[in-house]
Amino acid sequence: MDVKYDAVVVGLGPVGSFMALKLEKYGLKVLAIDKEKDIYPLPRAVSISDQGMRMHQSLDLENIYYKNSDAPGGAGFVNENLEFIGEPMTMKGLNTPNGWPPMRFFHQPYTDREIRNKLLNSSCDILVEHELLEINDSNESSCSIKNLNTNETINYEFKYLIGADGANSKVRELKNIKQEDLNYDRDWIIIDIELLTEKELGEFAIQICDPKRIGTFIPTHSPFKRWEFEIHDDDNIEEFSSDKNINKLLSPWLQPKEYKILRKAIYQFHSVLAEEFQKDNCFLIGDSAHQNPPFMGEGMMTGCRDAENLAWKIIMDFEYNLPNLLENYQIERKEHAKYIVENSLGIGLLMEAYAHTENKEDVPAELVAKGYGSFIIPPLDKGIFYEGKSNPESMSGQLFPQPVKIDDGEITERCDILLGDYFSIVARKDIILSEDEKKFLSSINSKILILDSELVDSNMWMSTMVQEDKVYIVRPDKYIFGSTNENVSLSDLIEDLKIRIGFNN
Ligand SMILES: Cc1cc2nc3c(=O)[nH]c(=O)nc-3n(C[C@H](O)[C@H](O)[C@H](O)COP(=O)(O)OP(=O)(O)OC[C@H]3O[C@@H](n4cnc5c(N)ncnc54)[C@H](O)[C@@H]3O)c2cc1C
């Protein structure tokens, strides 16, 4: 007999784990599987953004990342003498509208371990050493999963299946989803070390534009450090990845006795995007949907944004039968993910241009804009927004600032919880709703939040971004659905919300 789950999550990397916990939080019956026995023991992703911290905060996981991470001083491009080209971006001491510093560098084995423990203690059913083999779409949706210890295959029925199974996704293959190649394939070596001295190597993540060989240095979470260097066609891979050569590559920073090599891995950096992020009731999130060179440090973040975006759509479809929401997952996420892929490779192209142009001012402005512009994450463009699209004036498509309490310039409390887990209506003054509007909003579990002065006055972001006379509808993932203006009333917003989500009751 088949066993039935609301959702099956395939792959327990950082993105699949986040998704499983997100769905579990809303009460879905979740099966989450991975073909490996345990977490991957070496670091891959190293950076978590302000939005990443905010998303993990929604699951009480933010401290796992915070305590296992350090804030960088900033990021920039340097020449072969390690001198900055142009102004680096400084980050230290800053908090963004999301209520967190722009970026922190974490040690993934530490964070993955704690998140795996959370998963094992959650109500999700977790099967490790289990591999997805088939997805059966005839009749009821089901999938065959093989126990790699016993070779037994079991069928599981599901309402939703989420492929978080990485770059070589089986879900993508089984659903016959092709990938669009954005044509940036380069071999790089990744070197992770543990520092054995107190030596200061700087707090800036730097893109090294050295004509002899471009590279990247990431200070990561002390005492760990990472370097990445491009491999050339005429490099002998065996010699290149030898400890002797690594010592040579790191010699501008460290002597061999000052560090222990934790990992040296050769990766081909790809830039690819799945043509579809949804097929039937199967969805791709994370590396299964997109892969990019790591220059922007956004691979895992893009995956977590997929999960955050999809989770509430699944939950609201599950609870209120709103399939229209699910169709908007791909509409909202694919273009956004493509921007990240293109801008990540834009950083690679700018490094190459800086390295091979004697007078740095001659590097085309377009490349410079793409490289430095990559530090800015754009709003969502189309989807479940007022009139279906983002709008800079109403801020629809942008993230609503996190309400925070501030004392003496320091954030003392982060209050996203006030916005709730579903849609919320937010204003700085009392609002009036008709009985029908109240009924609709309560039937989709919405909250009303009137921001008091404690949450506005000391918070620069809240007081400048959220205007006194406007009412905002904020989505469960904290993106703004829309806001009122002289031509758009709250009733207009609510009517449009009903249409966008496909509400018929
Ligand atoms: C060198 C390098 C540096 C990077 N740096 C950064 C960075 O600084 N910041 C950042 O955000 N990202 C970075 N990334 C990207 C980041 O590592 C990935 O985006 C992230 O790991 C993707 O997570 P995921 O959960 O989508 O996939 P993965 O972590 O690949 O997890 C997929 C999981 O699915 C499982 N699986 C696969 N097939 C099956 C199957 N058939 N059945 C069951 N289970 C299956 C696998 O065992 C695996 O555990 C970097 C990547 C590389 C290679």
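First listed ligand is number 1; within each ligand, the first listed atom is number 1.
Close N/O approach between Leu132 and ligand 1 is found [any backbone or side-chain N/O within under 3.5 Å]. Between Gly286 and ligand 1, a contact under 3.5 Å exists for no N or O pair. Between Val46 and ligand 1, a contact under 3.5 Å exists for at least one N or O pair. Checked by distance only, ligand 1 and Ser288 stay at 3.5 Å or farther apart across all their nitrogen or oxygen atoms. Checked by distance only, ligand 1 and Ala167 stay at 3.5 Å or farther apart across all their nitrogen or oxygen atoms. Some N or O of Gly297 is nearer than 3.5 Å to an N or O of ligand 1, by distance alone.
Among Ile218, Asp287, Thr220, the residue whose heavy atom lies closest to atom 20 (C) of ligand 1 is Asp287.
Here is the list of ligand 1 atoms found below 4.0 Å of a heavy atom in Ala164: 32 (C), 33 (C), 34 (O). For ligand 1 and Met301, the ligand atoms under 4.0 Å from any heavy atom of the residue are 11 (O). Residue-ligand proximity, Arg226 to ligand 1, at heavy-atom distances under 4.0 Å covers atoms 3 (C), 4 (C), 5 (N). Set against the non-hydrogen atoms of Gly11, the atoms of ligand 1 under 4.0 Å away are 33 (C), 34 (O), 35 (C). Set against the non-hydrogen atoms of Gly166, the atoms of ligand 1 under 4.0 Å away are 27 (O), 30 (O), 32 (C). Within the listing of ligand 1, atoms 47 (O) sit less than 4.0 angstrom from a heavy atom of Glu36. Contact atoms of ligand 1 toward Ser47: 7 (C), 8 (O), 9 (N), 11 (O) (distance under 4.0 Å to a heavy atom of the residue). Listed by number with element, the atoms of ligand 1 under 4.0 Å from a non-hydrogen atom of Ile190 are 1 (C).
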Query - Trp312/Leu325 under side chain to side chain contact (heavy atoms under 4.5 Å, CB included): CA gap, chis, key distance, verdict - result: CA-CA 9 Å; Trp312 67 268; Leu325 283 178; 3.8 Å; yes
* **Residues Trp188, Thr216; criterion side chain to side chain contact (heavy atoms under 4.5 Å, CB included); working and verdict** => CA-CA 10 Å; Trp188 280 60; Thr216 300; 4.0 Å; yes
task: Could you walk me through whether His107 and Asn68 pass side chain to side chain donor-acceptor pair (under 3.5 Å), step by step?
output: CA-CA 6 Å; His107 189 60; Asn68 291 307; over 6 Å; no
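Look at His130 and you'll find a heavy atom under 4.0 Å from some atom of ligand 1. For the pair Gly303 and ligand 1, no heavy-atom separation below 4.0 Å is found.
Regarding atom 35 (C) of ligand 1, its nearest protein heavy-atom neighbour is Asp34 OD2, 3.3 Å. Closest to atom 25 (O) of ligand 1, if we only count protein heavy atoms, is Val15 N, 3.1 Å. Closest to atom 14 (N) of ligand 1, if we only count protein heavy atoms, is Ala45 CA, 3.9 Å. Among all protein heavy atoms, the one lying closest to atom 44 (N) of ligand 1 is Lys35 N, 3.1 Å. With hydrogens left out, the protein atom closest to atom 12 (N) of ligand 1 is Met300 N, 3.1 Å, a heavy atom. Here the protein heavy atom with the shortest distance to atom 37 (C) of ligand 1 is Asp165 O, 3.3 Å. Protein heavy atom at the shortest distance from atom 31 (O) of ligand 1 is Gly13 CA, 3.5 Å. Atom 28 (P) of ligand 1 has as its closest protein heavy atom Arg44 NH2, 3.6 Å.
Other residues, nucleotides and ligands contribute at most 12 non-hydrogen atoms within 6.0 Å of the NZ atom of Lys260. In this structure, Tyr422 places its OH atom where more than 12 heavy-atom neighbours from other residues, nucleotides or ligands lie under 6.0 Å away. In this structure, Asp233 places its CG atom where only 12 or fewer heavy-atom neighbours from other residues, nucleotides or ligands lie under 6.0 Å away. In Glu180, the CD atom is crowded: over 12 heavy atoms of neighbouring residues, nucleotides or ligands sit closer than 6.0 Å.
In summary, the aromatic rings of Phe204 and Phe84 are positioned with their centroids under 6.0 Å apart. A ring-centre distance under 6.0 Å is not found for Tyr5 and Phe158.
Applying the side chain to side chain donor-acceptor pair (under 3.5 Å) definition to pairs two or more places apart or across chains, those involving residues 244-257 are Asn247-Tyr259.
Arg186 has a carboxylate O that lies under 4.0 Å from a charged side-chain N of Glu230, or vice versa, which qualifies the two as a salt bridge. In this structure, Arg172 does not pair ionically with Glu276, as no charged nitrogen and carboxylate oxygen lie closer than 4.0 Å. A salt bridge links Lys264 with Asp243: at least one charged nitrogen is closer than 4.0 Å to a carboxylate oxygen. By the 4.0 Å N-to-carboxylate-O rule, Arg475 lies too far from Glu308 to be salt-bridged with it.
Less than 4.0 angstrom separates atom 22 (C) of ligand 1 from at least one non-hydrogen atom of the protein. Distance check for atom 33 (C) of ligand 1: a protein heavy atom is found below 4.0 Å.
Closest approach of Lys175 and Lys279 over heavy atoms only: O-NZ, 2.9 Å.
Between Glu332 and the options Lys338, Lys313, Lys382, a salt bridge (charged side-chain N to carboxylate O under 4.0 Å, His left out) holds for only Lys313.
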